[in-house]
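Given the structure is predicted, the values throughout are model-derived calculations rather than measurements. Within every chain, numbering begins at 1; the chains are lettered A, B, ... in the order of the sequence lines, protein sequences first and strands thereafter.
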Amino acid sequence: MPLMYVLKNMEIEGINIDVEALNKFGGELNEDLIRLKSEIIEAAGEDFNLDSPRQLGTILFEKMQISSKAKKTKTGQYATSEDVLQKHEKDHPIVGDILEYRQLKKLKSTYVDPLPELCDPVDGRIHTSFMQTVTATGRLSSNNPNLQNIPIRTAKGREIRKAFVPRDNSHQLMAVDYSQIELRIIAALSDDKSMIEAFKNGIDIHTATASKVFHTPVDTITREQRSQAKAVNFGIIYGQSAFGLAQNLNISRKEAKQIIDSYFEEYPTIKKYMENVVAEAREQGYVKTVLNRRRYLPDINSTNAIVRGYAERNAINAPIQGSAADVIKVAMVAVQKEMFERGLKSKMILQVHDELIFEVAKGELEQLTELVRKEMGGAYPLKAPLDVNVGVGKSWDEAAH
DNA sequence: AATTTCACG
DNA sequence: ACGTACGTGAAATTA
């Protein structure tokens, strides 16, 4: 209920975008898309709707027969999703072009074209809606437009984030995100002493995990080992299997199983915690977050192993994802209150699950940085300390670095 | 309205 | 043999 007022203010405040920059980028995307499309149609030997997965599947796997190992979706169509197409990139040069076409088309049709149209006629800003009663875990969701999935992972995607800018030269954007909040929560909830200690000492958690899992000193950990340990740390939060880890890391199932077994030997309290939370779900019919938000899991005792497995992964994940959502909500209420009491002109304008975005008025940067660090970092003390990263810049992209 | 794909944490 | 990591929203096609 208190958060409702905070969300109302963020929705009304909105965020400014550089429409000219987006339109220019849209023109560049258009040229690339036209070129890619004509190359693909030429290689296919006939015109078809490239935006139709069904037509694309027929062209690739029946007409062109680029591979005999076509995969089908559950409704019997040829699967053409990114992970499937990536496996066929070596089979024909057209596949790489299709993947690039898909990426650029997504950026243009979902962000570059619609966003300028959504600027409010009165203040010229973009106003999202934050929903508090949609998700199963207690996270917020954002719609109309969704400002929680603005691209960042690719260079072309970041062009869109660069177009989210302050209202004028006397403001900057500030992005503040929680560092590894879900891993800190699993460390705290399971009371794993070694993981808590690593967070207390500010040690790189993925390197520390790699050292444990591979039984080698921290200073000898390779990039590959750190990257694998990172994948395991994330997989754990979701109840991932050896199969899933193997697929993610492109290693054999046997190797994946060895890594997971070693992980649980080194972090026995985390293994115990995961077993306990599943047992709790079986007994109570629900699991809960640090603030007692419940997720009911009616399938937890299902005789169907697949259905039951899904519920068990939900039982593991929901308290972690949901507690992180609790923490940032408490922080948002505290930050808003403190900003009001100090009479600041700066505004909190967006939330993206583990980060808050502010439009900072010139002269308030130092004070706001201190305020936000204090309120976010201390929102809900856990056995593992919370930590935040602060970034500032002339665009959301710059601030997020 | 359902399906497929893909953008984010 | 089964299916295999959680949570969302939007665009486009198809039924």
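- Atom CG of Leu356(A) and atom P of dG9(B) are 14 Å apart (whole Å).
- Distance Gln351(A) CD to dT8(C) P: 14 Å, rounded to the nearest Å.
- Residue contacts shown for Leu245(A) are absent, as no nucleic acid heavy atom lies under 4.0 Å away.
- Between His206(A) and Phe234(A), the ring-plane angle classifies as tilted under the 30° and 60° cut-offs.
- Nucleic acid contact class of Tyr310(A) (heavy atoms, under 4.0 Å, all strands): sugar-phosphate only.
- Between Asp91(A) and Lys69(A), no side-chain nitrogen of the basic residue sits less than 4.0 Å from a carboxylate oxygen of the acidic one, so the salt-bridge criterion is not met.
- Regarding contacts with the backbone of dT14(C), a side-chain N or O of Gln55(A) is found under 4.0 angstrom from either OP1 or OP2.
- Contact annotation for Glu355(A): no contact, since no heavy-atom pair falls under 4.0 Å across all strands.
- Sequence order on DNA chain C of the closest nucleotides to Gly235(A) and Leu140(A) puts Gly235(A) first from the 5' end.
- Here dA12(C) presents its P atom at 17 Å from CZ of Phe48(A), a figure rounded to the nearest Å.
- Geometrically, Lys37(A) does not engage Tyr101(A) in a cation-pi contact defined by less than 6.0 Å to the ring centre and at most 45° from the axis.
- Salt-bridge check for Glu359(A) with Arg167(A): passed, with a basic side-chain N closer than 4.0 Å to an acidic carboxylate O.
- For the residue pair Thr269(A) / Asp192(A), a side-chain donor-acceptor distance below 3.5 Å is found, with atom types taken as modelled.
- Note on Arg313(A): only backbone sugar-phosphate atoms sit closer than 4.0 angstrom, heavy atoms only; bases stay farther off.
- The OH-C1' distance, from Tyr101(A) to dT4(B), rounds to 15 Å in whole Å.
- Listed nucleotides dG9(B), dA5(C), dA11(C) differ in distance to Thr110(A); the shortest reach to its side chain belongs to dA11(C).
- Proximity of Thr75(A) to the phosphate of dT4(B): a side-chain N or O atom is located under 4.0 Å from OP1 or OP2.
- Residue contacts shown for Gln321(A) include a base, since a base heavy atom lies under 4.0 Å away.
- Within the 4.0 angstrom heavy-atom criterion, only backbone atoms of the sugar-phosphate kind lie near Asn49(A); the bases stay farther away.
- Comparing atom distances between the Arg253(A) side chain and each of dG7(C), dA7(B), dT4(C) picks out dT4(C) as nearest.
- Relative to the side chain of Asp51(A), the nucleotides dA7(B), dT13(C), dG9(B) differ in distance, and dT13(C) lies closest.
- Following rounding to the nearest Å, Leu147(A) (CG) and dT8(C) (C1') show an atom-to-atom distance of 14 Å.
- Checking the phosphate oxygens (OP1, OP2) of dG9(B), no side-chain nitrogen or oxygen of Arg139(A) falls inside 4.0 Å.
- Listed in residue order, the members of residues 178-190 of chain A having a heavy atom less than 4.0 Å from DNA chain C come to none.
- A salt bridge is absent between Glu31(A) and Lys24(A): the closest approach of a Lys/Arg side-chain nitrogen to an acidic carboxylate oxygen does not fall below 4.0 angstrom.
- For the C1' atoms, the distance from dA2(B) to dA5(C) is 25 Å, rounded to whole Å.
- Below the 3.5 angstrom threshold, one finds a donor paired with an acceptor across the side chain of Arg153(A) and the base of dG9(B).
- Contact check on Lys63(A) versus Glu46(A) returns a salt bridge, with a Lys/Arg side-chain nitrogen under 4.0 Å from an Asp/Glu carboxylate oxygen.
- Side-chain atoms of Asn146(A) lie closest to dA10(C) of the nucleotides dA10(C), dC6(C), dA15(C).
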Inset, instruction - Decide salt bridge (charged side-chain N to carboxylate O under 4.0 Å, His left out) for Lys374(A) and Glu370(A); before the verdict, give the C-alpha distance in whole Å, the side-chain angles of both, and the deciding distance to 0.1 Å. - result: CA-CA 6 Å; Lys374(A) 178 162 168 284; Glu370(A) 172 260 325; 5.8 Å; no
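- For dT4(C) and dT5(B), the P atoms lie 15 Å apart once the distance is rounded to whole Å.
- Helical stems of DNA chain C (runs of at least 3 Watson-Crick or G-U pairs, donor-acceptor distances under 3.5 Å) are listed by first residue: B:1-9 with C:6-14.
- Taking 4.0 angstrom as the limit, Ser52(A) places a side-chain polar atom (N or O) nearer than this to OP1 or OP2 of dT14(C).
- For dC8(B), its base never sits under 3.5 Å from the side chain of Gln148(A) at any donor and acceptor pair.
- Backbone-only contact: Ile152(A) has heavy atoms under 4.0 Å from sugar-phosphate atoms and none from a base.
- You'll find a donor-acceptor pair under 3.5 Å spanning the side chain of Asn149(A) and the base of dA7(B), going by distance alone.
- If you check the side chains of Thr209(A) and Tyr267(A), you find a donor sitting under 3.5 Å from an acceptor.
- Contacts of Ser241(A) with the nucleic acid, taken as non-hydrogen atoms under 4.0 Å apart, include base atoms.
- Picking from dC2(C), dT5(B), dA15(C) the nucleotide with the shortest atom distance to the side chain of Arg54(A) gives dA15(C).
- By the 6.0 Å and 45° rule, Arg253(A) does not stack over the aromatic ring of Phe243(A).
- Within the nucleic acid shown, Ala79(A) comes within 4.0 Å of sugar-phosphate atoms alone, with no base atom in reach, counting heavy atoms only.
- Atom CD of Glu312(A) is separated from atom C1' of dG3(C) by 14 Å (rounded to the nearest Å).
- Relative orientation of the Phe61(A) and Tyr78(A) rings is tilted, given thresholds of 30° and 60° on the angle between their planes.
- At the heavy-atom level, Gln103(A) lies under 4.0 Å from the strands shown only through sugar-phosphate atoms.
- Across all strands shown, Ala136(A) has heavy atoms under 4.0 Å from sugar-phosphate atoms exclusively, and none from any base.
- Protein atom CD of Gln86(A) is 13 Å distant from nucleotide atom C1' of dT5(B), rounded to whole Å.
- Between the side chains of Ser252(A) and Glu255(A), at least one donor N or O sits under 3.5 Å from an acceptor N or O.
- With dG9(C), dT5(B), dA11(C) as the choices, the nucleotide that has an atom nearest any side-chain atom of Thr73(A) turns out to be dT5(B).
- Contact annotation: the side chain of Glu398(A) never approaches that of Arg161(A) to less than 4.5 Å [non-hydrogen atoms, C-beta and beyond].
- We find that OH of Tyr238(A) is positioned 8 Å from C1' of dG7(C), with the value rounded to whole Å.
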